Engineer: 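Can you keep this structure in mind? I'll have questions shortly.
Quantities reported herein were computed from a predicted structural model and do not represent experimental measurements. Values below: all heavy atoms of this structure, side chains included; hydrogens, waters and symmetry mates excluded. Chain A is the first sequence line, chain B the second, and so forth, proteins listed ahead of strands; every chain is numbered from 1.
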There are 2 protein chains.
Amino acid sequence: MAAERAEARRTTRQLALVLAAVQASGTEHPTAERVFARVRRDLPRISLGTVYRNLQRLVSDGRIGALAHLRDRSLRYDPTAPAHDHFVCEACGHIDDLPAGTPPGGLAAAEHAGHAVTSHALVLYGCCRTCRARA
Amino acid sequence: MAAERAEARRTTRQLALVLAAVQASGTEHPTAERVFARVRRDLPRISLGTVYRNLQRLVSDGRIGALAHLRDRSLRYDPTAPAHDHFVCEACGHIDDLPAGTPPGGLAAAEHAGHAVTSHALVLYGCCRTCRARA
DNA sequence: CTCGGTGCAAAGGGTTTGCATACAT
DNA sequence: ATGTATGCAAACCCTTTGCACCGAG
């Protein structure tokens, strides 16, 4: 499920720029399309396919994180690779990172059922600080 | 976010069978395709589009639940409408329901950041009881 | 009789893939 | 030189939609 073989992987301008775009995205959690738009400013001839391929590689190499469990089922990327939870504002769509701290709620129940839990994905929904102030 | 107007909704054989199929699915958490296959046994001429439309309606009417937070981004349906968490076995793919009990882990952090949390989705991943026994 | 639901088929969008070429090693 | 990564475009998958007909109320 992680990188298996370092293999003969080349360092291309495309890969570097895709990584840079995600790293520079802060808390935006960009979609592939958005990363594409950003990288395109420096490399106008890059293709969406290449962006997807590099994004995939960076994720499986553990260099960036992926967010694949949002309610709208969009696929987003995260400069922070280690697993952590997220808060999604239903008003503005902003996605905030949450510290990975506490263990997930259903853990005890799952283990009581005999399952071994190795990871989890948690998304909180609500109205963010900014939107609440605005209302 | 829920049903807004009862309106003039008709009870068709298709709707009833789609509901029945989900209700009979136990803990399978079927995809639309699977519901389609099942309903087709009784109504060979039903179309996938109709299944999707009825599934949508049943969800927004709160008669069944939807699971849109899986890592593989598949969309699944659940006879249990009230929100609850899930455990996914990475070995066999089985999805188990977890009691809705405890509040989610990052709650305190999110509220500390000034966000108002109204709901959440939690999916635990690991190896289920059965697969562990098998190994 | 009405108009909401259905079947069919085509459209959509987001992501992946095949292929010839370009380029990192 | 060697073979990986790229660009392009077509293919894919899953879900949604448009439209004419059907049938529940």
Side-chain angles (χ1 to χ4, degrees), chain A residues 3-22 29-61 63-78 93, chain B residues 3-22 29-61 63-78 93:
Chain A
E4 27 185 55
R5 289 202 302 164
E7 194 81 29
R9 30 194 47 183
R10 299 175 180 177
T11 304
T12 63
R13 194 157 158 56
Q14 286 83 346
L15 179 65
L17 284 170
V18 167
L19 173 57
V22 175
H29 298 91
T31 60
E33 200 74 45
R34 246 179 133 47
V35 172
F36 176 53
R38 177 152 203 151
V39 174
R40 227 180 188 186
R41 299 204 292 246
D42 301 290
L43 235 132
R45 300 196 58 74
I46 194 173
S47 69
L48 227 203
T50 295
V51 170
Y52 272 106
R53 280 182 290 233
N54 283 320
L55 245 12
Q56 272 181 190
R57 158 183 278 189
L58 289 167
V59 169
S60 65
D61 283 2
R63 306 237 266 158
I64 63 175
L67 242 135
H69 28 253
L70 300 173
R71 194 171 277 167
D72 67 358
R73 305 195 310 138
S74 64
L75 186 37
R76 289 157 173 281
Y77 297 89
D78 192 321
Chain B
E4 29 185 52
R5 287 201 303 163
E7 192 81 29
R9 31 194 46 183
R10 297 176 182 176
T11 304
T12 62
R13 193 155 160 56
Q14 287 83 344
L15 180 64
L17 284 170
V18 167
L19 174 56
V22 175
H29 299 90
T31 58
E33 198 75 43
R34 250 180 130 48
V35 172
F36 176 52
R38 179 154 202 148
V39 174
R40 226 180 189 184
R41 300 204 290 246
D42 301 289
L43 235 134
R45 301 196 57 74
I46 194 173
S47 69
L48 228 201
T50 295
V51 170
Y52 273 106
R53 279 182 292 233
N54 283 320
L55 245 12
Q56 271 181 191
R57 159 183 277 187
L58 290 168
V59 169
S60 64
D61 283 1
R63 304 235 268 155
I64 63 175
L67 239 137
H69 294 268
L70 301 174
R71 197 170 274 167
D72 67 357
R73 304 197 309 140
S74 63
L75 187 37
R76 288 155 174 284
Y77 298 89
D78 193 322

Engineer: Among C:dG5, D:dG23, C:dT6, which is the nearest nucleotide to the side chain of B:Gln14?
Structural biologist: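 So the nucleotide nearest the side chain must be C:dT6.
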
Engineer: Quick check for you: among C:dT15, C:dA24, D:dT15, whose closest atom lies nearest to any side-chain atom of B:Arg73?
Structural biologist: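 Given the options C:dT15, C:dA24, D:dT15, the side chain of B:Arg73 is closest to C:dT15.
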
Engineer: Rounded to the nearest 0.5 Å, how far does CZ of A:Arg9 lie from CG of A:Leu15?
Structural biologist: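 Rounded to the nearest 0.5 Å, the CG-CZ separation comes out at 8.5 Å.
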
Engineer: Please give, in whole Å, the distance from C:dT6 C1' to B:Asp42 CG?
Structural biologist: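 After rounding, the gap between these two atoms is 17 Å.
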
Engineer: Taking the side chain as everything from C-beta on, heavy atoms only, tell me whether A:Val22 gets closer than 4.5 Å to A:Leu58.
Structural biologist: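 Counting from C-beta outward, A:Val22 and A:Leu58 never come under 4.5 Å.
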
Engineer: Between B:Arg13 and B:Arg10, which is nearer to the 5' end of DNA chain C once each is assigned its nearest nucleotide?
Structural biologist: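 Whichever sits nearer the 5' end wins; that is B:Arg10.
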
Engineer: Give the minimum heavy-atom separation between A:Tyr77 and A:Thr31, together with the two atoms involved.
Structural biologist: CD1-C, 4.4 Å

Engineer: To the nearest Å, how far apart are B:Arg34 CZ and D:dT15 P?
Structural biologist: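 To the nearest whole Å, that distance equals 14 Å.
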
Engineer: Does any donor atom in the side chain of A:Arg76 or A:Ser74 lie under 3.5 Å from an acceptor atom in the other side chain?
Structural biologist: yes

Engineer: How many angstroms lie between atom CG of B:Leu48 and atom CZ of B:Arg53, to the nearest 0.5 angstrom?
Structural biologist: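 With rounding to 0.5 Å, CG (B:Leu48) is 10.5 Å from CZ (B:Arg53).
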
Engineer: Rounded to whole angstroms, how far apart are CZ on A:Arg9 and P on D:dG3?
Structural biologist: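 Atom-to-atom, A:Arg9 to D:dG3, this comes out as 18 Å.
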
Engineer: CD1 of A:Ile46 versus C1' of D:dA5: gap in Å, rounded?
Structural biologist: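 Nearest whole value for this atom pair: 11 Å.
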
Engineer: Given atom CZ of A:Phe36 and atom P of C:dG14, what is their separation to the nearest angstrom?
Structural biologist: 14 Å

Engineer: Between C:dT15, C:dG5, D:dT16, which nucleotide gets closest to the side-chain atoms of B:Gln56?
Structural biologist: D:dT16

Engineer: Between residues 47-55 of chain B and DNA chain C, which residues have a heavy-atom gap below 4.0 Å?
Structural biologist: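 Contacting residues: B:Ser47, B:Thr50, B:Arg53, B:Asn54.
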
Engineer: Can you tell me how far C1' of C:dG14 sits from CG of B:Asp72, to the nearest Å?
Structural biologist: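 Nearest whole value for this atom pair: 15 Å.
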
Engineer: If you look at every strand shown and take non-hydrogen atoms under 4.0 Å, does B:Arg45 touch a base, only sugar-phosphate, or nothing?
Structural biologist: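 Answer is sugar-phosphate: B:Arg45 comes under 4.0 Å of backbone atoms only.
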
Engineer: Check every strand shown and say whether B:Thr11 touches a base, only sugar-phosphate, or nothing at a heavy-atom separation below 4.0 Å.
Structural biologist: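 If one applies the 4.0 Å heavy-atom cut-off, B:Thr11 turns out to touch the sugar-phosphate alone, with no base involved.
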
Engineer: Taking for each residue the nucleotide of DNA chain D with the nearest heavy atom, is it B:Thr31 or A:Leu15 whose nucleotide lies nearer the 5' end?
Structural biologist: A:Leu15

Engineer: Give B:Arg57 one of three labels, base, sugar-phosphate or nothing, depending on what nucleic acid heavy atoms sit under 4.0 Å from its own.
Structural biologist: sugar-phosphate

Engineer: Send over the distance from B:Leu67 CG to D:dC14 P, rounded to a whole Å.
Structural biologist: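 Distance, rounded to whole Å: 17 Å.
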
Engineer: Working to the nearest 0.5 Å, report the span between CD1 of A:Ile46 and OG1 of A:Thr12.
Structural biologist: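 Here the interatomic distance stands at 7.5 Å.
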
Engineer: With rounding to the nearest 0.5 Å, note down the distance linking CG in A:Leu55 to CZ in A:Phe36.
Structural biologist: 12.0 Å

